[in-house]
Amino acid sequence: MNIHEYQAKQLLKAYGAPVSDGRIVLRAEEAKTAAGEIDGPIWVVKAQIHAGGRGKGSFKEPEAGPKGGVRICKSVEEAAEETQKMLGRTLVTAQTGEAGKQVNRVYIEDGSDIEKEFYLSLLVDRQTARVSFVVSTEGGMDIEEVAASTPEKILSFSVDPASGLSSFHGRKVAFELGLTGQAFKQCVKLVDNLYRLFIEKDLEMLEINPLILTTDGNVKCLDCKMGFDGNAMYRHQDIMSLRDETEEDPKELAASKFDLNYIALDGEIGCMVNGAGLAMATMDIIKLYGSEPANFLDVGGGATKEKVTEAFKIITSDPQVKGILVNIFGGIMRCDVIAEGVLVAVKEVGLQVPLVVRLEGTNVELGKKIINESGLAVIAADNLADAAEKIVKAVKG
Ligand code: ADP
Ligand code: MG
């Protein structure tokens, strides 16, 4: 789960990390009051979307909008104007994809005098199974370019969970960034606070880009991205309340409401499968037969008819789906329940694309009977390979 920059900064502040004063604006008429509450003389207006690269992003036509999703302003009036221009518009950045994201919230922040921009992030490194730090003096808007062309400018190390973080880690980061004096001490403390936040709130990723050194020698977090471990959110109601559902894929959102494990993908064959392993195998075999899956979907072991119906609706709501493959092994799950769910869903949403059903396991005969007697144009399959071959053929012709 991701949150907005302004929310992440509130968390940083609560953990003692230095951030700028700022106000969030949801409605255009609030912009001037919000900007007026910030000292100046520079105001920075920042579009809040769950994607980076806003500074270099651009707004979609028709009207000419601000140049990019981060605007430096010299007066309260200008800040209010830029805010009003951003609200409701669609911002396209390197991370949003072509469709872009609608800006529903704008953050107005006190401007900082920047001496240097650094990069600092923490993430769960699956290879070492530890929390890793990634540090670079080359922070700002081109970190991807730095990683690609001058990887030697990036320092990375992991923290042993048994011994935990110690001040030597903080000193390592501060040395790498070439800090001295009070900024050095601030950096050591920052590293400690960030690690504590990361562990206590079950983060997956925390990125500060840029972390800056101000012209008066202080360290500050100027941008922040946080990603949380969705499976741990049940124990962080405070974080859950920061969820912005308008930022999520509507299909994934609907799936999460019904406790379905669903991830939208780019392909053309919608899959409804029970069990994560079988779902992965199904996706693999679709690729093997020359097509691409439109989603990962595990309806789970004990899915009800309602859940199956919902899953089917989510799959068919995707305009990219050119065919559907239902692949169920009935262990705990019964094949007749699946068959009924599919029928209910098809009656509700109609079936515009070919459907291949492969059922195996508990009550398989009953399941097949329900499907065969339904009068639907369903293609029956006997095994995994047969099912994949049939659906790819039906889609590709
Ligand atoms: P993004 O990474 O989405 O482009 P950032 O928040 O990193 O957005 O902003 C882009 C750039 O804008 C920063 O690298 C920094 O140079 C400048 N910037 C952002 N916030 C401020 C601020 N409060 N004061 C001065 N400059 C800022
Ligand atoms: Mg940034």
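Read the numbers this way: they start at 1 and go in the same order the structure lists the ligands and their atoms. Worth knowing before you read on, the calculation uses all heavy atoms, side chains too, and leaves out hydrogens, waters and symmetry mates.
The distance criterion of under 3.5 Å between nitrogen or oxygen atoms is met by G55 with respect to ligand 1. Checked by distance only, ligand 1 and E5 stay at 3.5 Å or farther apart across all their nitrogen or oxygen atoms.
Neighbouring protein atoms of the Mg ion (ligand 2) (N, O or S, distance under 2.8 Å, waters ignored): N209 O, D223 OD2.
Residue contacts with ligand 1, taken as heavy atom pairs separated by less than 4.0 Å, involve E109 solely via side-chain atoms from C-beta onward. The part of N209 lying near ligand 1 is the backbone, judged by heavy-atom distances below 4.0 Å. With a heavy-atom cut-off of 4.0 Å, T93 does not touch ligand 1 at all.
Remark: E145 engages D142, S149 in a side-chain contact (heavy atoms from CB on, under 4.5 Å) (not counting sequence neighbours).
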* Could you check N327 against T282 for side chain to side chain donor-acceptor pair (under 3.5 Å), going step by step and ending with a plain yes or no? => CA-CA 8 Å; N327 182 21; T282 305; 2.9 Å; yes
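Protein heavy atom nearest atom 20 (N) of ligand 1, with residue, atom name and distance: K46 NZ, 3.2 Å.
Atom CD of E29 is surrounded by more than 12 heavy atoms from other residues, nucleotides or ligands within 6.0 Å.
Aromatic ring orientation, F133 versus F157: parallel (interplanar angle below 30°, classes split at 30° and 60°).
Side chains of N218 and P18 form no contact here, defined as non-hydrogen atoms less than 4.5 Å apart.
Note that the OG1 atom of T246 and the CZ atom of R105 stand 6.0 Å from one another [nearest 0.5 Å].
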Under 3.5 Å, side-chain donor or acceptor atoms of residues 262-280 against the rest of the protein: list the pairs with distances, not counting sequence neighbours.
residue : atom : partner : partner atom : Å
E268    : OE2  : S291    : OG           : 2.8
E268    : OE2  : K396    : NZ           : 3.0
N274    : OD1  : F329    : N            : 3.0
N274    : ND2  : F329    : O            : 2.7

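Within ligand 1, the atoms closer than 4.0 Å to a non-hydrogen atom of D223 are 1 (P), 2 (O), 5 (P), 6 (O), 7 (O), 8 (O), numbered from 1 in the order shown. Per-residue contacts place P210 under 4.0 angstrom from the following atoms of ligand 1 (heavy atoms of the residue considered): 7 (O), 13 (C), 14 (O).
V321 approaches V353 most closely through the heavy-atom pair O-CG1, 3.6 Å.
For residues 5-22, the salt bridge (Lys or Arg N to Asp or Glu O under 4.0 Å) pairs, not counting sequence neighbours, are E5-K9, E5-K46, E5-R54, K9-E109, D21-R23.
H169 places a side-chain N or O within 3.5 Å of a backbone atom of S166 that can act as its donor or acceptor partner.
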